Amino acid sequence: QVQVAESGGGLVQAGGSLRLSCAASGSIFSRVAMGWYRQAPGKQREWVATITTSAGSTIYVDSVKGRFTISRDNAKNTVYLQMNNLKPEDTAVYYCNSRTAGGYYFDWGQGTQVTVSS
């Protein structure tokens with residue numbers, strides 16, 4: 001099974017920053033676009049950001065544009081999410097997985113909790 005493991009979450013005040021990491025297993029990592037997703041309490045999981053295989057292109061949900069930056073290091077099989085100017089509405093469990101029309105290539109990890117206090 002190809003797996004991912006997210007880390008880097010925590011408790012931060014509004015306006016603060018966090019950097020999330022997602023380490024993936026398997027050789028497929030460098031060949032698929034990757035995404036970050038989040039699930040807030042009582043809500044469905046939502047897509048947050050995507051990065052293409054060569055990191056040539058990134059896309060973000062409107063609510064995080066200008067605040068979040070997705071990046072990847074294919075040599076380390078790792079994708080990152082730099083989150084700045086965090087808001088209480090960013091509170092959620094954050095996950096990573098592939099972002100392709102073919103579905104999800106990795107088993108979902110445990111996620112990493114991000115809590116933003118006002």
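These numbers come from a predicted model, not from an experiment. When a residue number appears, it is its place in the shown sequence, counting from 1.
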Could you measure the distance from the [atom1] atom of [X] to the [atom2] atom of [Y]? Nearest 0.5 Å is fine.
X	Y	atom1	atom2	answer
Gln82	Ser71	CD	OG	8.0 Å
Arg99	Tyr37	CZ	OH	4.5 Å
Asp107	Gln3	CG	CD	6.0 Å
Leu81	Ser21	CG	OG	9.5 Å
Asn74	Ser54	CG	OG	8.5 Å
Leu11	Gln13	CG	CD	8.0 Å

Under 4.5 Å between any side-chain heavy atoms of [X] and [Y], yes or no?
X	Y	result
Gln113	Tyr94	no
Arg38	Tyr95	no
Leu18	Val114	yes

Where [X] and [Y] come nearest, the two heavy atoms and their spacing:
X	Y	answer
Ile70	Gly35	CD1-CA, 4.5 Å
Ala40	Thr91	CB-O, 3.7 Å
Val32	Phe106	CG2-CE1, 4.2 Å
Phe68	Val48	CD2-CG1, 3.9 Å
Thr53	Ser30	CB-O, 3.6 Å
Glu6	Gly111	OE1-N, 3.0 Å

Pair Lys65 + Asp62, salt bridge at N-O below 4.0 Å
yes
Is a side-chain donor or acceptor of [X] paired with a backbone partner of [Y] at a separation under 3.5 angstrom?
X	Y	value
Asn77	Ala24	yes
Thr100	Ser98	no
Thr52	Ser57	yes

Identify whether NZ of Lys or CZ of Arg in Arg72 sits under 6.0 Å from the centre of the six-membered ring of Phe29 and within 45° of that ring's axis.
yes
Cation over ring face, Arg45 and Trp108, 6.0 Å, 45°:
yes
Does one hydrophobic cluster hold both Val93 and Tyr80, with members joined at side-chain heavy-atom distances below 4.5 Å?
no
What do the steps show when you test Thr69 against Tyr60 for side chain to side chain contact (heavy atoms under 4.5 Å, CB included), and what is the final call?
CA-CA 8 Å; Thr69 302; Tyr60 301 91; 3.9 Å; yes
Side chains of Asn84 and Ser17 only: does a donor on one sit below 3.5 Å from an acceptor on the other?
yes
More than 12 heavy atoms of other residues, nucleotides or ligands under 6.0 Å from CD of Gln110: yes or no?
no
Please evaluate residues Met83 and Val116 with respect to the criterion side chain to side chain contact (heavy atoms under 4.5 Å, CB included), reporting the C-alpha separation (whole Å), side-chain torsions for both, the decisive distance (0.1 Å), and the verdict.
CA-CA 11 Å; Met83 305 186 296; Val116 185; over 6 Å; no
Evaluate side chain to side chain contact (heavy atoms under 4.5 Å, CB included) for Trp36 paired with Leu20, printing each intermediate quantity in order.
CA-CA 10 Å; Trp36 281 96; Leu20 307 184; 3.6 Å; yes
